[in-house]
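Single-structure report; data block below.
Note that ligands are numbered from 1 as they come in the structure, with each ligand's atoms numbered from 1 the same way. Just so it is clear, the model here is predicted, and its values are computed rather than measured.
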Amino acid sequence: MSRPISITIDLDAIRHNFDYAQSLAKSSHTMAVIKADAYGHGAVATARALGDKAKLLAVSSIEEAVILRQNHIKTPILLLEGCFCSSELGVVDDLNLQIVLHNQQQIQDLLNASLSAPIDVWLKVDTGMHRLGLTAHDSAQAYQQLLTSQNVRSIMWMTHFATSDQPDAPFLEGQLEHFRTAMALVSNNVSDLSFSMANSAALMATPASHGAWNRPGIMLYGISPFSQPNTLAEPLIPAMQFSSKVIALRSLAVGESVGYGATWVAQQPSIIATVAAGYGDGYPRNAKSGTPVLINGQIAPLAGRVSMDMLCVDVTHLSNIKVGALAELWGKELDVNQIAHWSDTVGYELVTRMPTRAKRSFINERTVN
Ligand SMILES: Cc1ncc(COP(=O)(O)O)c(C=O)c1O
């Protein structure tokens, strides 16, 4: 038997989550944000699984777009950070990509380029995230320049939210207002302009943010973007199943410890199950003792430090656990956000940073066209 670690991606779940995203904003288009290898779920497999459902895919770089095209994905692709240098515009032209414009250099490069055909551009306004984007004034100026450029086929106004995971935070309302103000600089009727604001959290909880295009990422993978439990996330189906098996069992007497640093000490006679999964497989090393693990479908607490290839679980109160028992680390029955909470991070990080050591496999691989 080989090492029993497994990462299984359910492509039906991704299709279901995409449909849910689309159902929340019926008059908007829904793109699929599949940057960072579809948040660790496999960008090519995700793009194939979505097929014609997703009319636009979003990635972070030319390299990510090239991989999709090399794998015969024909869906239009948006580069969320635009081009990193002017020479990338040649590839944009060749591969029929759409680009975000978030700074003056990118705008000048596009205005000066000689492209074989005009392209669709996304003009990014910084409405308060203060990461990428132009000021309201500069956006208005850029918009006028782009309108007359032979290189531009269409202009989509866009912005990105800092706090959409906390729908009641007043910050978001301020960003919406700022965005409307920016667009009002170029049009007396803002509803004449096409715009895109909503990520997953805003798509679910802030209908006022719905635009011509919404940009969900994390919810496609069945993971709630919210910082608090939210019923709007209940229809989501987790797509990633991260599991392994118990490879050893031992009894510990009171006072005996588990793992590196001897940080977990038995307070009662205890049974410890060793699971073949560690930080080398993507399980967070900083998960604290007590983090839930599902052993044969029953919750048991992590005991001691996670090592590179193994972790230990206190299964004292479980019945009938044997070597070979299934250990679900996260998936449909155990929300990755719970593990993230115990590890002081977010589900986004855990799924996205999965190493390649444990091979992913895919289920429900049919293509939708
Ligand atoms: C510009 C932009 N739009 C949309 C998304 C998707 O966000 P989420 O995964 O929270 O839905 C991201 C992700 O970081 C992003 O950077």
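Side-chain contact check for T30 and Q22: at least one donor-acceptor pair (N or O, by modelled atom type) lies under 3.5 Å. N337 and S224 share no side-chain donor-acceptor pair at under 3.5 Å.
Put simply, the side chain of D93 never gets that close to the backbone of L89: no donor and acceptor are under 3.5 Å apart. E256 places no side-chain N or O within 3.5 Å of a backbone atom of A266 that could act as its donor or acceptor partner. Between the side chain of Q108 and the main chain of Q104, no donor-acceptor pair closer than 3.5 Å is present. In this structure a side-chain-to-backbone donor-acceptor pair under 3.5 Å is missing from Q338 to P292.
Nearest non-hydrogen protein atom to atom 15 (C) of ligand 1 is H160 CE1, 3.4 Å. Looking only at protein heavy atoms, the nearest one to atom 4 (C) of ligand 1 is R215 O, 3.3 Å. Among protein heavy atoms, atom 11 (O) of ligand 1 sits closest to S200 OG, 2.5 Å. The protein heavy-atom contact nearest to atom 7 (O) of ligand 1 is N199 CB, 3.5 Å. Nearest protein heavy-atom neighbour of atom 10 (O) of ligand 1: Y348 OH, 2.6 Å.
Atom CZ of R15 sits about 6.5 Å away from atom CG of N364, to the nearest 0.5 Å. The CD1 atom of I155 lies 13.0 Å from the CH2 atom of W122; values are rounded to the nearest 0.5 Å.
Open room surrounds CD on Q228; 12 or fewer heavy atoms of other groups in view lie less than 6.0 Å from it.
Taking only nitrogen or oxygen atoms, main chain and side chain alike, A201 does not reach within less than 3.5 Å of ligand 1. Considering backbone and side-chain N/O atoms, G217 comes within less than 3.5 Å of an N/O atom of ligand 1. For ligand 1, none of its N or O atoms has an N or O atom of K124 under 3.5 Å away.
Every atom of ligand 1 with a heavy atom of R131 under 4.0 Å away is listed here by number and element: 16 (O). Residue P216 approaches ligand 1 through these ligand atoms, each under 4.0 Å from one of its heavy atoms: 11 (O). The Y39 neighbourhood of ligand 1 comprises atoms 6 (C), 7 (O), 8 (P), 9 (O), 13 (C), with distances under 4.0 Å to a heavy atom of that residue.
The residue M129 has no part lying near ligand 1, judged by heavy-atom distances below 4.0 Å.
Among M197, K35, M158, E81, the residue whose heavy atom sits closest to atom 14 (O) of ligand 1 is K35.
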